[in-house]
Amino acid sequence: MRAAEGRAHEDGGLHISGGERLSTREELEEAVSALLRKALHHSRGTADFINIAIEKVAQEEIPVLAPLPISTYCTTSVQAGRKQAADLLRQSSVSDAAIERGFEILTSSYNLRGAVLLDSQSGERMDTRGTKGVRVSRMDWERMSHAIWKKRQPLLESVRVSEAVALATKVASAAGTVAELCWSDDPEYSIGYVSSPTKGYCRIFHLKEEGELSGGRIFFVTAETNIADYIEYLEKMPVWIG
């Protein structure tokens, strides 16, 4: 699902919301309704362009990924939150130059529709997608596993957190991923995260000031990553989280 205000994204419209679901046929109407509600009720603005695409995927064996373990850092200011994020990225083997570039992009981006890929050491951009970025798709929670996970995470059972953990888990599983930095472009939501195969999913309070429209995702990758294959996996390979 893509939602924009003013006009379609490709015609310069303001990005309002996006979402991805992997669903069985029996649960399809429920999934579409949830995406439509997300598009229609968002604090970034009122969408007047909504595109929902439904595509059948092969029903052969779909891999199941264990969700990343979660930790929470209750920082009390944007300065402290970003320092914590930088520390976690360093612990995940991202260089200071790449960290600085990642923060520069997210703090100045107001209309990113997908993730930006950066070399984890040089900070050089590795994709050529512009504001379109890389859209991670074709992933979702396996229903029974999700129910069990929510019982184990009673304070983190919101749809927002579930969707973010699912996406971060798929990104972490991709060959070449070093780490991810993300905070929402929702002006009412200032919590973001750092995730990586080694650190798991690390929620961090106050990665931006409330009311700001900046935000997005940075995927830090190794210099040797085959970018075409990397994007193909993230955008096309179906996976269950469970």
Side-chain angles (χ1 to χ4, degrees), residues 18-20 65-73 75 81-107 109 112-127 129 132-141 156 160-186 189-208 214-227 229-235 237 239 241:
E20 313 285 345
L65 306 177
L68 292 175
I70 298 177
S71 55
T72 299
Y73 296 82
T75 52
R82 293 185 180 177
K83 180 180 183 301
Q84 180 64 68
D87 288 345
L88 289 166
L89 289 169
R90 291 189 194 97
Q91 293 169 31
S92 300
S93 301
V94 181
S95 75
D96 285 345
I99 292 169
E100 182 177 356
R101 182 60 182 141
F103 276 111
E104 286 176 355
I105 292 172
L106 293 193
T107 54
S109 296
L112 275 178
R113 291 176 273 151
V116 172
L117 310 186
L118 294 184
D119 183 306
S120 65
Q121 299 308 303
S122 70
E124 176 185 355
R125 185 161 185 176
M126 302 287 279
D127 68 282
R129 295 288 190 86
K132 177 182 178 182
V134 177
R135 295 287 305 182
V136 185
S137 64
R138 302 189 184 189
M139 74 284 173
D140 211 335
W141 285 88
L156 301 174
R160 185 192 296 270
V161 174
S162 292
E163 289 179 348
V165 170
L167 187 150
T169 297
K170 183 176 183 183
V171 173
S173 74
T177 295
V178 176
E180 176 184 355
L181 170 65
C182 171
W183 67 77
S184 174
D185 56 11
D186 184 337
Y189 195 76
S190 61
I191 299 175
Y193 68 86
V194 167
S195 65
S196 73
T198 56
K199 302 300 292 185
Y201 179 89
C202 306
R203 299 175 71 238
I204 304 170
F205 284 36
H206 302 294
L207 279 185
K208 71 171 188 179
S214 67
R217 302 178 190 278
I218 304 292
F219 299 162
F220 298 96
V221 300
T222 63
E224 301 78 20
T225 301
N226 183 310
I227 298 301
D229 290 348
Y230 186 81
I231 293 175
E232 176 76 11
Y233 173 80
L234 293 180
E235 294 191 335
M237 179 68 178
V239 299
I241 310 300

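Since we're looking at a predicted model, the values are computed, not measured.
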Novice: Check the pair Leu88 / Ile204 against side-chain contact (heavy atoms from CB on, under 4.5 Å), numbers first and verdict last.
Specialist: CA-CA 10 Å; Leu88 289 166; Ile204 304 170; 3.9 Å; yes
Novice: Shortest non-hydrogen contact from Ser173 to Leu65?
Specialist: OG-CD1, 3.5 Å
Novice: I'd like to check Lys199 versus Val194 (side-chain heavy atoms, cut-off strictly below 4.5 Å). Are they in contact?
Specialist: no
Novice: Is a side-chain N or O of Asp127 found less than 3.5 angstrom from the main chain of Leu117, in a donor-acceptor match?
Specialist: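 Yes, because the side chain of Asp127 sits within donor-acceptor range (under 3.5 Å) of the backbone of Leu117.
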Novice: Could you state the interatomic distance from CG (Leu234) to CE (Met139), rounded to the nearest 0.5 Å?
Specialist: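 Between atom CG of Leu234 and atom CE of Met139 there are 9.5 Å.
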Novice: Let me see the working for Leu207 and Tyr193 under side-chain contact (heavy atoms from CB on, under 4.5 Å), right down to the final yes or no.
Specialist: CA-CA 8 Å; Leu207 279 185; Tyr193 68 86; over 6 Å; no
Novice: Look only at the side chain of Lys170 and the backbone of Met237, and say whether a donor-acceptor pair between them is shorter than 3.5 Å.
Specialist: yes
Novice: Rounded to the nearest 0.5 Å, how far apart are CZ of Arg203 and OG1 of Thr75?
Specialist: 10.5 Å
Novice: Check for a donor-acceptor pair, side chain of Glu235 on one end and backbone N or O of Arg135 on the other, with a separation under 3.5 Å.
Specialist: yes
Novice: Would you give the length of the straight line joining atom NZ of Lys132 to atom CG of Leu112, rounded to the nearest 0.5 angstrom?
Specialist: 13.5 Å
Novice: What are the two closest non-hydrogen atoms of Arg160 and Asp186, and how far apart are they?
Specialist: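 Smallest heavy-atom distance, with atoms named: NH2-OD2, 3.1 Å.
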Novice: Using a 3.5 Å distance criterion without hydrogens, assess whether the side chain of Ser95 forms a donor-acceptor pair with backbone atoms of Gln121.
Specialist: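 Here the side-chain-to-backbone pair exists.
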Novice: Can you measure from CD1 (Ile227) to CD (Glu232) and round to the nearest 0.5 angstrom?
Specialist: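 So the CD1 of Ile227 and the CD of Glu232 are separated by 13.5 Å.
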Novice: Give the intermediate values and the outcome of side-chain contact (heavy atoms from CB on, under 4.5 Å) for residues Ile231 and Arg129.
Specialist: CA-CA 11 Å; Ile231 293 175; Arg129 295 288 190 86; 3.1 Å; yes
Novice: Measuring from Cys182:SG to Phe219:CZ, what's the distance to the nearest 0.5 Å?
Specialist: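 Atom-to-atom, Cys182:SG and Phe219:CZ are 8.0 Å apart.
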Novice: Identify whether NZ of Lys or CZ of Arg in Arg82 sits under 6.0 Å from the centre of the six-membered ring of Phe103 and within 45° of that ring's axis.
Specialist: no
Novice: From the options Asp119, Leu118, Val94, select the one residue that forms a side chain to side chain contact (heavy atoms under 4.5 Å, CB included) with Val178.
Specialist: Val94
Novice: Which heavy-atom pair separates Pro197 from Ala172 by the least distance, and what is that distance?
Specialist: CG-O, 3.5 Å
Novice: May I ask you to decide if Lys208's main-chain N or O and Trp183's side chain share a donor-acceptor pair within less than 3.5 Å?
Specialist: no
Novice: About how many Å separate CG of Leu167 and OH of Tyr201, when rounded to the nearest 0.5 Å?
Specialist: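 Tyr201 OH to Leu167 CG: 9.5 Å, rounded to 0.5 Å.
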Novice: Is a donor on one side and an acceptor on the other found under 3.5 Å between the side chain of Ser71 and the backbone of Cys202?
Specialist: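 Such a contact is absent between Ser71 side chain and Cys202 backbone.
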Novice: Looking at side-chain heavy atoms only, is the closest gap between Val171 and Val136 below 4.5 Å?
Specialist: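 When only atoms from C-beta onward are counted, Val136 and Val171 do touch, with a gap below 4.5 Å.
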Novice: Can you give me the closest heavy-atom contact between Leu106 and Ser214, atom names plus distance?
Specialist: O-CB, 3.3 Å
Novice: Which atoms form the tightest heavy-atom contact between Ala175 and Tyr230, and what is the distance?
Specialist: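 Closest approach of Ala175 to Tyr230: O-CD1, 3.3 Å.
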Novice: Shortest non-hydrogen contact from Ser122 to Ala97?
Specialist: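 So the two residues come closest at O-CB, 4.3 Å.
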Novice: I'd like to know whether Leu181 forms a side-chain contact (heavy atoms from CB on, under 4.5 Å) with Phe220, so could you lay out the CA-CA distance, the side-chain angles of the two residues, the decisive distance to 0.1 Å, and finally the verdict.
Specialist: CA-CA 8 Å; Leu181 170 65; Phe220 298 96; 3.9 Å; yes
